[in-house]
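Data first, discussion second: the structure below is written as structure tokens.
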Amino acid sequence: MTTVVKVGGARAVDPEGALADVASLVEDGEDVVLTHGGSTAVDETLEELGQEPTYVETPGGVVGRFTDEDTMDVFKMVMPGKLNTDLVESLQNEGVNAVGLSGTDGKLLEGKRKSAVRVKEDGKKKIKRGDHSGKIESVNADLLETMLEGGYTPVVSVPMLGKEKSSGYTAVNADADRAAAAIAGALEADLVVLTDVSGIYEDPDDESTRIDSASTPEEFEAVEDAAEGFMTKKVMAATEALEGGASSVVVASANADAPITSALEGEGTTLEPGALADGEEVAQ
């Protein structure tokens, strides 16, 4: 069984424990694909360059980054450049033969580019143009499986390859959680989403209210009701992963001891395919 791990990019997330855990799993013969975020590092770099990060709210109430051309240049520099290289370097020092990939390599992550997005500003719905983003529609699972079979550990970063309406491709931004979800679905893998909290809480301010698992539609409804802020996107990604064929999704703390292993053993919020079944089998 393959495990896809997503390490968040928040300041409070320390990847050191996750990288050591990847090394332990690989040494035991497990296949691991590591993916990562990096919004905080992108924002810090933008500010160092005198640019302000832009976030917008969709009519549905989801807040996300607006990626114009200048931001996209910084994004490409920071994500597959510095952050991905740093993780590969660290894994090599852990004895893992890691290979860094962006979603543009080998058409690893592909979908249509969105050059305009619907936003809500001052209570009004508007169209904001000039965006460099997209939704992943296909994953080159063969590329990842070939690397895993060869003894390599892929470390994957967005951007993705965005198809233009006219013709050709443009490297565009995509949500890192949803990228990990697409990969986990394509590989029919377990997905472990490591973040700065230990799971999904009924009360976002009270860790003792963590929801341990959801394996029925009723239990999953409670998870959706509990998700707020950044956790909303993680639950959205978990849904897409399970719909796409992932074996399970666990949202857990990156800062725990052996965070991946402990997450797979139930230390976090575990979401099972049956949570979406609604009386039917989830499409694999």
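We use all heavy atoms of the structure for the numbers below, so side chains are in, but hydrogens, waters and symmetry mates are not. Residue numbers run from 1 in the order of the sequence given.
Contact check on Arg210 versus Glu267 returns a salt bridge, with a Lys/Arg side-chain nitrogen under 4.0 Å from an Asp/Glu carboxylate oxygen. Between Asp131 and Arg113 no salt bridge is recorded (no basic side-chain N to carboxylate O distance below 4.0 Å). Remark: Asp177 engages Lys234 in a salt bridge, criterion side-chain N to carboxylate O under 4.0 Å.
Note on Val156: it clusters hydrophobically with Met160, by side-chain heavy-atom contacts below 4.5 Å among ILVMFWY residues. Leu101 and Val5 end up in different hydrophobic clusters when Ile, Leu, Val, Met, Phe, Trp and Tyr side chains are linked at under 4.5 Å. Hydrophobic clustering, with ILVMFWY side chains joined whenever heavy atoms are under 4.5 angstrom apart, keeps Leu87 apart from Val33.
In this structure a side-chain-to-backbone donor-acceptor pair under 3.5 Å is missing from Thr104 to Pro159. Between the side chain of Asp28 and the main chain of Leu25, no donor-acceptor pair closer than 3.5 Å is present. For Ser133 (side chain) and Asn173 (main-chain N/O), no donor-acceptor pair under 3.5 Å exists by modelled atom type. In this structure, the side chain of Glu219 engages the main chain of Ser215 through a donor-acceptor pair within 3.5 Å. Proximity of a side-chain donor or acceptor of Ser248 to a complementary backbone N or O of Asp190 within less than 3.5 Å is not detected. A donor-acceptor pair is defined here as one N or O able to donate and one able to accept, closer than 3.5 Å; such a pair exists between the side chain of Ser262 and the backbone of Pro259. Tyr152 contributes no side-chain N or O that, together with a main-chain N or O of Glu149, makes up a donor-acceptor pair within less than 3.5 Å. A donor-acceptor contact shorter than 3.5 Å links the side chain of Gln92 to the backbone of Ala98. Remark: the backbone N or O of Lys124 is not paired with any side-chain donor or acceptor of Asp122 at under 3.5 angstrom. Side-chain atoms of Thr232 come within 3.5 Å of backbone atoms of Gly229 as a donor-acceptor pair (strictly under, hydrogens ignored).
Between Val250 and Leu271 there is no side-chain heavy-atom pair separated by less than 4.5 Å.
Contact detail for Met1 and Ser247: the closest heavy-atom pair is CE-OG, 3.4 Å. Closest heavy-atom contact between Val235 and Ala227: CG2-CB, 3.7 Å.
Relative to the six-membered ring of Tyr169, Lys163 misses at least one condition, a distance below 6.0 Å or an angle of at most 45° to the axis.
Results of the side chain to side chain donor-acceptor pair (under 3.5 Å) test with Thr71 over Asp68, Asp73, Thr67 single out Asp68 as the only residue that passes.
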